[in-house]
Participant: 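Starting off with a structure, shown below.
One-based numbering, in listed order, for ligands and for the atoms of each. Note that the structure is a prediction, hence the values are computed from the model and not measured. Just so you know, these numbers use all the heavy atoms, side chains as well, and skip hydrogens, waters and symmetry mates.
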Amino acid sequence: MRTLLIAFGFCVISHSILAQPATQERLKSVQADAVAHKAAVEAGRKASFFCANCHGETGISKSPEVPNLAGQNPAYLLEQIRKFGSGERKDPFMQGLIKVLKDEERLQLALFYAAQPVPPAKADAGQAAKGKDVFAKLCARCHGEQARGNDLYPRLAGQNLAYLQTSITHYRDGTGIRSNQLMAIATAPLKNGDVVALSHYLAQLP
Ligand code: HEC
Ligand code: HEC
């Protein structure tokens, strides 16, 4: 049953990545071309002036409940922008804002934030040690040993503590605010204490 659910989950994610094949394909071709990539990052920097009010000048956010975008996987950023646009991910402000962005601006913003460095943050050492074990058991196989993600999965290292806690809980509790089959399965066994420990561990990772 568990294997079946996981297999189903993989279909869902591959489907959701394919939901905007044109933009994701274009992202890959821009990434592969150094000159186009540099130009897109610069255009993204200009386009980000409004986003900076909450996400910070270089994607390090100004409040704990707003996610850092610095160093995030650009395919993931594009996918989340698409999800806000379609209403699959819910946040009243982000859903309204994303609608005014053109496809090319979305791509430039994703590449700009992905190119920004992630400074290390502080967290409780005891909680982090407990979180490290839970992460290795339940999360590392997708998000990577160092929680830096890859083409398919988001970076979690250095993310804001409060935002991590809220997001993990939203997936686990099936609120519909964030829906993803893989994350629903992965977070199902977590107790509230595990969520706190995981968030401390991830927030302080470089
Ligand atoms: C008024 C504050 C505010 C502004 C301005 C803002 N955002 Fe956000 N953004 C948020 C909040 C809050 C969330 C987290 C919502 C949640 O809890 O799921 C978010 C989430 C995101 C995410 C998902 C990140 C992740 O790790 O999943 C992306 C991508 C994003 N914003 C991009 C942008 C871009 C691009 C702009 C500018 C065009 C922008 N935001 C402007 C508040 C803001
Ligand atoms: C089978 C693969 C898989 C496993 C295992 C997994 N995740 Fe994820 N995770 C994903 C995917 C895919 C997403 C993006 C989902 C979406 O689009 O909302 C994600 C998103 C997230 C996010 C949102 C990041 C952001 O910037 O908003 C957090 C936080 C997260 N995972 C934490 C965890 C934790 C903690 C565990 C272990 C308990 C875990 N994940 C296990 C696949 C996985």
Side-chain angles (χ1 to χ4, degrees), residues 5-10 12-17 19 44 46-56 59 61-85 88-102 105-114 131 133-144 147 149-172 175 177-191 194-203:
L5 274 173
I6 291 170
F8 173 70
F10 276 111
V12 172
I13 180 72
S14 47
H15 171 79
S16 72
I17 291 282
K46 293 201 185 90
S48 73
F49 73 94
F50 184 69
C51 323
N53 286 315
C54 299
H55 292 286
S61 94
K62 297 189 170 172
S63 58
E65 64 279 7
V66 178
N68 294 334
L69 304 178
Q72 188 53 276
N73 152 14
Y76 169 78
L77 290 175
L78 261 188
E79 172 64 1
Q80 298 307 304
I81 290 173
R82 184 195 67 77
K83 282 186 156 183
F84 282 128
E88 283 163 66
R89 179 170 176 181
K90 297 183 177 51
D91 179 76
F93 182 83
M94 286 303 304
Q95 284 177 262
L97 176 65
I98 284 316
K99 292 214 169 78
V100 308
L101 294 178
K102 299 191 188 74
E105 288 170 325
R106 295 177 179 200
L107 188 138
Q108 291 162 345
L109 284 160
L111 286 170
F112 164 67
Y113 285 119
D133 293 339
V134 184
F135 184 81
K137 252 182 246 141
L138 296 177
C139 324
R141 71 189 168 92
C142 289
H143 291 281
N150 55 39
D151 278 1
L152 282 180
Y153 305 114
R155 177 190 180 105
L156 307 174
Q159 188 50 275
N160 277 329
L161 210 157
Y163 171 77
L164 283 167
Q165 223 169 293
T166 311
S167 297
I168 297 168
T169 310
H170 281 163
Y171 287 120
R172 184 195 64 184
T175 55
I177 296 170
R178 294 196 73 171
S179 317
N180 177 270
Q181 198 65 33
L182 298 178
M183 278 302 296
I185 297 165
T187 53
L190 299 178
K191 304 205 172 59
D194 297 327
V195 177
V196 174
L198 276 166
S199 303
H200 277 272
Y201 171 62
L202 294 168

Participant: I need the contact type for C51 against ligand 1. Using non-hydrogen atoms and a strict under-4.0 Å cut-off, is it side chain, backbone, both or neither?
Facilitator: both

Participant: Ligand 1 versus T166, non-hydrogen atoms closer than 4.0 Å: side chain, backbone, both, neither?
Facilitator: neither

Participant: Can you check whether R155 has an N/O within less than 3.5 Å of an N/O in ligand 2?
Facilitator: no

Participant: Name the closest protein heavy atom to atom 2 (C) of ligand 1, giving the residue it belongs to and the distance to 0.1 Å.
Facilitator: C54 SG, 1.9 Å

Participant: For E79, is the nearest heavy atom under 4.0 Å from an atom of ligand 2?
Facilitator: no

Participant: Please check if the side chain of N160 supplies one atom and the backbone of Y163 the other of a donor-acceptor pair under 3.5 Å.
Facilitator: no

Participant: Just let me know how R106 lines up against ligand 1, side chain, backbone, both or neither, with a heavy-atom cut-off below 4.0 Å.
Facilitator: neither

Participant: State if Y171 counts as touching ligand 2 under the rule of any non-hydrogen atom under 4.0 Å.
Facilitator: yes

Participant: Does ligand 1 have a heavy atom under 4.0 Å from the side chain of L69, from its backbone, from both, or from neither?
Facilitator: side chain

Participant: Could you tell me whether C139 approaches ligand 2 through its side chain, its backbone, both or neither, with non-hydrogen atoms closer than 4.0 Å?
Facilitator: both

Participant: Identify, by atom number and element, the atoms of ligand 1 in contact range of Y76, meaning under 4.0 Å from any of its heavy atoms.
Facilitator: 25 (C), 26 (O), 27 (O)

Participant: To the nearest 10°, what's the angle at atom 8 (Fe) of ligand 1 between atoms NE2 (H55) and SD (M94)?
Facilitator: 170°

Participant: Any nitrogen or oxygen of S167 lying under 3.5 Å from a nitrogen or oxygen in ligand 2? Just yes or no.
Facilitator: no

Participant: Look at ligand 2 and say whether P67 reaches it with a heavy atom at a distance under 4.0 Å.
Facilitator: no

Participant: Report yes or no: does H143 have an N/O/S atom closer than 2.8 Å to atom 8 (Fe) of ligand 2?
Facilitator: yes

Participant: Considering only heavy atoms, does R89 approach ligand 1 within less than 4.0 Å through its side chain, its backbone, both, or neither?
Facilitator: side chain

